[in-house]
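The structure under discussion appears below in the form of structure tokens.
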Amino acid sequence: MKTQKMPILDAEKVYGEAPIFKEPRIIGEWILWLEQRPNEKGRTTALIRPWRQKDFLPQELTPYPCDLRSKIHGYGGAPLTATLDGSDLILTWVDNKDNCLWMRTWSSEKDNEKPFSFKFIPKSQLICLSKNHNYCLAGGVIDLEKNIWIGLMEDKDGDHIVSFDLYKIDQTPVFIYSSKGFLGYLALNSHNRKLAWIEWQNTSMPWDLNELKLAKLDEKGNILNIVNFNNEYLKYQKKISFFNPIWSDAGDLLVAEDSSGWWNITQIKTDSNNNLVTIAQNQWSIKADIAFPQWVLGMSSFSCVGDDVIGAFAQDGIWTLALFQKNGSIKIIDQPFIDFSAIHSHQNRLVAIASGSAISEGILEIDLFDHSWDHTPASSFRLDPQQISIGESFWFKGSKEENVHAWYYPPITKQILLPPLLVKSHSGPTGMARCGLDLEVQFWTSRGWAVVDVNYGGSSGFGREYRDRLRGNWGVIDVLDCTKAVQSLVDSGKVDKNRIAIVGSSASGFTALGCLISADIFKIGACKYPVTNLIGMANSTHRFEEFYLDYLIGNIKSEYEKYLQRSPIENVNFINMPLILFHGMKDKVVGFDQSIAIKDELLKRDIPVQINLFDNEGHGFKDGKIKVDVLKKIEAFFREYLNT
């Protein structure tokens with residue numbers, strides 16, 4: 001029995017029409033961003049409008065059929081590069097339809113006949129800079145001095161830094177640098193002709209071990225005087241991960257690195273030829289992470305503002321925006337947002353993707369002089385503040401009696417009976433439970449559910465030691481931590497122990513299946529494109545994650561039994577509760593046959609199971625209609641079998 005009628009949040013409001021904003025940046029007096037549109041089957045396009053002019057209707061620069069998306073390293077990112085040449089706007093992008101690099105220029109003018117209006121007028125036809133090919137491009141910078149695009153290329157031989165002339169068609173790439181490993185996060189200092197990037201070997205993931213490289217570019221575009229910044233250079237015996245190199249106006253290189261146990265900002269000064277190097281590692285020492293695990297290109301957690309740095313750091317699961325000042329002090333920027341990504345600044349202006357506990361994700365613009373700000377949510381839908389369940393941060397004793405963090409969301413109305421609990425955890429598995437307003441969480445809390453989002457051991461945002469808890473322990477630590485989070489909530493009298501559901505996707509789908517296999521406290525589950533066969537994954541996964549399982553489980557030759565013991569498909573006979581599965585038939589990371597195998601095994605024992613396959617979806621659903629359909633089917637399945 002419920003004490004009052006609860007407001008219900010429809011699935012269409014969660015996923016139906018709201019775009020996903022990505023990679024915003026400030027270009028002169030303009031802000032430019034990518035917009036992935038679920039109502040156009042996930043097509044991504046570039047939009048622009050004047051800085052802090054929310055009333056101006058953005059102009060779409062890359063209308064259909066353009067689809068700005070890269071496939072580099074399997075997960076993509078950074079398809080768009082933009083700059084101003086005088087008053088002219090230059091865009092280059094990788095298009096999903098052909099993987100080619102395209103370019104166009106525009107001039108801008110105000111529309112004096114219409115208030116709140118402007119117009120970018122194409123100055124050239126679309127130019128396809130690259131030939132059709134079997135390689136992936138992304139992560140570019142534009143060098144106006146040489147009129148070239150410098151960017152990253154991945155092919156069967158490894159990763160490369162290449163260039164294309166901005167005004168020629170159907171080119172083959174000019175090779176500047178090659179690695180058999182991986183490259184990411186190019187940063188060009190055009191004034192001093194220097195180039196920085198992140199590099200790592202295929203036996204490591206970039207958040208575990210990588211190098212920062214710094215080189216000089218000569219007049220012909222050749223690389224000279226490479227300096228390798230790594231644990232050996234820094235005289236540090238443990239592994240180091242670098243992230244997000246950027247150049248200051250003064251020509252200093254700033255980068256996040258975790259030799260302190262936390263991703264903190266380090267400043268590097270060099271002379272013109274990189275012969276004299278000065279490193280300041282502890283200028284802004286803080287027990288917080290100022291970086292993300294580099295699953296995709298194009299991420300940014302900090303940016304330069306004159307001699308200072310503006311950035312967001314994660315502490316106890318919450319992101320805080322701060323100014324890291326030249327004198328070594330850290331000044332918190334007062335504003336209501338607690339979750340940040342894609343931070344970019346120009347002069348004293350900042351743009352980022354941000355959300356708050358009661359404010360949905362959108363584009364945040366801040367004037368760093370007076371800290372005034374505007375926020376443009378991705379969704380036009382607004383929840384009544386009284387209908388929002390605010391996440392409660394809590395710590396509990398997890399595996400090995402270590403402290404583990406989670407977010408607990410109570411149902412939005414009080415009930416006589418204890419509520420059912422939905423358990424979720426982030427994917428990756430190297431990732432983090434975000435703390436901003438999540439409409440999918442609100443979908444459940446509006447229906448009387450409690451939700452817990454677990455930052456199990458191995459999550460990012462809590463320092464290197466916390467992140468390394470998962471080393472060799474995937475399928476053990478994450479499963480135990482999720483199980484103990486549930487037990488903690490049951491013991492505290494917050495949830496009904498007989499109505500516990502768990503959901504997951506990809507890596508968190510593996511965790512969810514592990515929970516269903518090992519703990520009867522879970523009564524029902526839902527998994528999207530879950531990892532189920534570790535041996536099959538080790539033998540078939542893509543290049544980027546080729547050795548990820550060596551970190552998560554161990555070497556398959558020496559630890560073969562662990563791979564068997566932790567593979568859900570080998571232990572499906574221990575699943576005795578209803579399960580619903582979803583998978584895209586174009587998934588190149590986890591084959592849809594893995595979900596079919598789970599379904600077939602459950603059917604043999606008459607365990608209630610459903611599977612839903614989608615012809616045109618890959619790893620991570622992009623079509624808004626399909627996302628709505630998935631959410632509705634999960635809720636209906638839980639209602640049928642869990643008596644909610």
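In this chain, residues are counted from 1 in sequence order.
A donor-acceptor contact under 3.5 angstrom links the side chains of K22 and Q36, judged on distance only. For D334 and H371, the side-chain atoms include no donor-acceptor pair closer than 3.5 Å. S372 and R52 share a donor-acceptor pair across their side chains, judged by distance under 3.5 Å alone. With hydrogens and angles left out, the side-chain atoms of N264 and K287 include no donor and acceptor closer than 3.5 Å. Looking only at atom types and distance, the side chain of Q201 has no donor-acceptor partner in the side chain of T203 under 3.5 Å away. A donor atom on one side chain and an acceptor atom on the other are found under 3.5 Å apart for T45 and T62. Under 3.5 Å, the side chains of Y177 and E199 contain a donor-acceptor pair of N or O atoms.
When side chains are defined from C-beta on, H375 counts as touching F337, because their heavy atoms get closer than 4.5 Å. Residues Q294 and W200 are not in side-chain contact: their nearest non-hydrogen atoms beyond the backbone lie 4.5 Å or more apart. A 4.5 Å side-chain heavy-atom check between Y236 and N230 finds every atom pair outside the cut-off. In this structure, F302 and I343 have side chains that are not in contact, with every pair of non-hydrogen atoms separated by 4.5 Å or more. Within the 4.5 Å cutoff, the side chain of T105 has no heavy atoms near those of the L166 side chain. When side chains are defined from C-beta on, E365 does not count as touching W373, because their heavy atoms never get closer than 4.5 Å. For the pair I161 and L195, the minimum side-chain heavy-atom distance is below 4.5 Å. When side chains are defined from C-beta on, W33 counts as touching P58, because their heavy atoms get closer than 4.5 Å.
Below 30°, between 30° and 60°, or above 60°: for Y548 and Y551 the angle between ring planes is below 30°, a parallel geometry. By the 30° and 60° cut-offs, the orientation of the rings of Y75 relative to F544 is perpendicular. Taking the six-membered ring where tryptophan is involved, the planes of F462 and H405 are tilted, since the angle between them lies from 30° to 60°. F292 and F243 have perpendicular rings, their planes meeting at more than 60° on a 0 to 90° scale where under 30° would count as parallel.
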> Checking side chain to side chain contact (heavy atoms under 4.5 Å, CB included) for the pair K180/N202: CA distance, chi angles, key distance, verdict?
Replying inline: CA-CA 8 Å; K180 291 184 179 180; N202 63 349; over 6 Å; no

>> Between D143 and R193, is the salt bridge (charged side-chain N to carboxylate O under 4.0 Å, His left out) condition met? List the steps.
In response: CA-CA 10 Å; D143 184 354; R193 309 303 302 160; 2.7 Å; yes

>> Could you go through I48 and I27, starting from their C-alpha distance and side-chain angles, then the distance that decides it, and tell me whether this counts as side chain to side chain contact (heavy atoms under 4.5 Å, CB included)?
In response: CA-CA 9 Å; I48 195 168; I27 308 291; 5.6 Å; no

>> If you apply the rule side chain to side chain contact (heavy atoms under 4.5 Å, CB included), what do you find for D374 with W51, and how did you get there?
In response: CA-CA 10 Å; D374 291 306; W51 159 261; over 6 Å; no

> Does the pair L321 and I332 meet the rule for a side chain to side chain contact (heavy atoms under 4.5 Å, CB included), with working shown?
Replying inline: CA-CA 6 Å; L321 189 67; I332 305 301; over 6 Å; no

> Run the salt bridge (charged side-chain N to carboxylate O under 4.0 Å, His left out) check on D468 and K239 step by step: do they pass?
Replying inline: CA-CA 11 Å; D468 276 347; K239 294 181 177 181; over 6 Å; no

> Step by step, would you call R43 with E60 a salt bridge (charged side-chain N to carboxylate O under 4.0 Å, His left out)?
Replying inline: CA-CA 13 Å; R43 185 180 77 89; E60 184 178 5; 2.7 Å; yes

>> Checking W262 against F313 for the ring pair (Phe, Tyr, Trp, His ring centres under 6.0 Å) test, could you report, in this order, the C-alpha distance in whole Å, the side-chain angles of both residues, the deciding distance, and whether it holds?
In response: CA-CA 10 Å; W262 302 85; F313 62 83; over 10 Å; no

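Rounding to the nearest 0.5 Å places OG of S341 at 10.0 Å from CD of E23. Here the CG-CD distance, from L217 to E145, works out to 10.0 Å after rounding to the nearest 0.5 Å. Distance CD/Q325 to CG/L323: 5.0 Å, rounded to 0.5 Å. The distance from the CG atom of L137 to the SG atom of C100 is 8.0 Å, given to the nearest 0.5 Å. Here CH2 of W197 is found 10.5 Å from CD of E211. Values are rounded to the nearest 0.5 Å. The CG atom of N244 sits 4.0 Å away from atom OG of S300, with the distance rounded to the nearest 0.5 Å.
Scanning all heavy atoms of the two residues, the minimum distance from V162 to F164 falls at CG2-CE1, 4.1 Å. Scanning all heavy atoms of the two residues, the minimum distance from C304 to L254 falls at SG-CD1, 3.3 Å. Nearest heavy-atom pair, A46 versus L80, reported as atom, atom and distance to 0.1 Å: CB-CD2, 4.2 Å. Residue T81 comes nearest to R25 through the heavy atom pair CA-NH1, 4.1 Å, listed as atom of the first residue, atom of the second, then distance. Closest approach of I318 to C435, counting heavy atoms only: CA-SG, 4.0 Å. Listed here is the closest heavy atom pair of G221 and I176: O-CG2, 3.6 Å.
Enclosure of atom CD in E29 is not indicated, since only 12 or fewer non-hydrogen atoms of other residues, nucleotides or ligands lie within 6.0 angstrom. For E232, the CD atom is loosely surrounded, since the number of other residues' heavy atoms within 6.0 Å does not exceed 12.
We find that E361 and R434 are not joined by a salt bridge, their nearest charged nitrogen and carboxylate oxygen being 4.0 Å or further apart. The residues D218 and K220 are annotated as not salt-bridged, no charged nitrogen and carboxylate oxygen being separated by less than 4.0 angstrom. A salt bridge does not link K326 with D308: every distance from a Lys NZ or Arg NE/NH1/NH2 to an Asp or Glu carboxylate oxygen is 4.0 Å or more.
Of the options L212, I268, N274, L253, a side chain to side chain contact (heavy atoms under 4.5 Å, CB included) to V227 is made by N274 and by none of the others.
Residues satisfying the salt bridge (Lys or Arg N to Asp or Glu O under 4.0 Å) criterion with K123, sequence neighbours excluded, are D88.
Both the sub-6.0 Å distance and the 45° axial angle are not jointly satisfied by R104 relative to the ring of F120.
Side-chain atoms of N225 come within 3.5 Å of backbone N or O of N273 as a donor-acceptor pair.
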